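Atom set for the values below is all heavy atoms of this structure, side chains included, hydrogens, waters and symmetry mates excluded. In each ligand, atom 1 is the first atom listed, and ligand 1 is the first ligand listed. Computed from a predicted model, the values in this text were never measured in an experiment.
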Amino acid sequence: MARIVKKFGGTSVGDMDRIRNVARRVAQAANEGDEIVVVVSAMAGVTNQLVGYCRDAAPLHDAREYDAVVASGEQVTAGLLAICLQEIGVPARSFLGWQLPMRTNDVHGAARIEEIGTDALDACLAGGRVAVVAGFQGIADDNRITTLGRGGSDTTAVALAAALKAERCDIYTDVDGVYTTDPRIVPRARKLDKITYEEMLEMASLGAKVLQTRSVALAMKYGVRTQVLSSFEDKPGTLVVGEDEIVEQEVVSGIAYSRGEAKITVVGLEDRPGQVSHLFAPLADENINVDMIVQSASEDGHSTDVTFTVPEDDLLRAVKILEANKEELRFRDIVYNGDVVKVSVVGVGMRSHAGVARTMFDTLADKGINIQVISTSEIKVSVIIDAEYTELAVRALHTAYGLDAPVGA
Ligand code: ASP
Ligand code: MG
């Protein structure tokens with residue numbers, strides 16, 4: 001008998017037929033004798049609608065009331081799934097965040113989990129019942145409802161799996177696993193049987209939106225074996241696991257891309273100690289996340305250029321902040337471009353193999369694609385290129401690293 005947490009996302013519980021489908025899948029597992037805790041999202045589109053209502057009510061609304069409103073979507077699906085399970089003879093009951101309790105801090109709209117009470121769930125499972133938990137929500141010390149940030153049900157599921165010492169956390173979604181790259185761009189992308197936490201973290205934060213990034217970090221921290229699989233097909237998905245579980249490691253596991261990037265170059269910044277620190281301080285103060293940074297060598301010994309990337313949504317705000325500090329920072333000009341994409345090659349095998357970056361640069365050069373910014377870590381190489389070359393670059397790299405599925409496969 002195994003204890004398993006199963007999470008079903010918004011499309012998987014998108015209407016009554018789909019909720020019944022989920023109930024059947026859960027029943028199957030429960031009938032095999034496993035202890036099942038189900039975590040559900042709101043029906044697809046519902047959270048967006050609830051967010052819309054809040055904005056309509058007041059553009060600048062009370063974040064605590066926002067949480068009271070948007071947490072309601074998960075309450076509905078948790079209750080409905082429990083009813084559907086009962087209908088097919090599976091004893092089940094729903095739990096809201098406060099009923100566990102799922103204790104969080106009080107950062108409304110983006111709360112972090114602090115502690116999870118498991119007594120109620122343990123009792124439910126011991127009584128032979130399936131527990132259906134509303135994802136995405138918790139309760140703060142002041143007794144008010146909180147939410148974990150968009151896509152937060154993944155985090156609920158992984159955190160519960162860790163707290164309950166579950167054997168596995170299954171994340172059911174509308175894709176059947178994690179691919180070597182986006183199959184919409186590369187039809188010959190392959191589904192991975194296994195991927196390491198670290199790689200998944202890079203893939204998730206680089207724009208492969210299968211799992212919420214925070215949930216992957218949590219799975220890595222607590223060693224939760226996490227499986228991504230389809231709620232519509234009955235076949236194994238991709239297991240996200242520790243490196244020790246992967247016997248034969250490919251050098252490169254995947255190609256990720258992220259369109260939401262923008263590039264800023266500060267031209268003619270005075271070249272003396274403290275300048276870079278002064279440059280980034282006001283951006284950090286305004287919570288603008290700077291990602292890749294390149295400082296060029298000073299040609300004349302007096303001034304230098306600094307190029308960096310920020311989320312595209314923050315581009316204009318970042319430029320405005322820098323312009324406002326122009327006098328003090330003493331630079332000549334700002335040049336920026338939101339029409340760029342970050343393409344990354346990811347793989348833990350890179351640690352022990354040379355030449356991975358070179359293959360990337362050669363491949364892009366062959367296609368006549370200009371690299372604007374480069375950054376590397378132990379397990380990835382990322383470049384910024386013009387957005388119009390996204391597809392070409394991703395396809396060429398996928399082929400260059402031998403990731404294409406065999407023809408006819
Ligand atoms: N319903 C929430 C959202 O859309 C949480 C989730 O689905 O994970 O963000
Ligand atoms: Mg999701």
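Residue S41 has at least one heavy-atom neighbour below 4.0 Å for each of these atoms of ligand 1: 6 (C), 7 (O), 8 (O). Near R150, meaning under 4.0 Å from one of its heavy atoms, ligand 1 places the atoms 3 (C), 4 (O), 9 (O).
In terms of polar-atom proximity, D154 is not counted as a contact of ligand 1, lacking any N or O under 3.5 Å from an N or O of the ligand. Ligand 1 has no nitrogen or oxygen under 3.5 angstrom from a nitrogen or oxygen of G149. Residue S153 has at least one N or O atom closer than 3.5 Å to an N or O atom of ligand 1.
The residue Q212 has no part lying near ligand 1, judged by heavy-atom distances below 4.0 Å.
Distances from ligand 1 to the non-hydrogen atoms of G151 include at least one value under 4.0 Å. The closest approach between any non-hydrogen atom of G152 and ligand 1 is below 4.0 Å.
Partners of E114 under the salt bridge (charged side-chain N to carboxylate O under 4.0 Å, His left out) rule, at least two apart in sequence or in another chain, do not exist in this structure.
A side-chain donor-acceptor contact under 3.5 Å links T196 and E199. For the residue pair Q372 and D386, a side-chain donor N or O sits within less than 3.5 Å of a side-chain acceptor on the partner. Judged by distance alone, the side chains of T146 and D67 never bring a donor and an acceptor atom under 3.5 Å apart.
A side-chain contact (heavy atoms from CB on, under 4.5 Å) with S382 is found for exactly one of E261, M360, K342, namely K342.
With hydrogens and angles ignored, the 3.5 Å screen pairs a side-chain donor or acceptor of N105 with a backbone N or O of R112.
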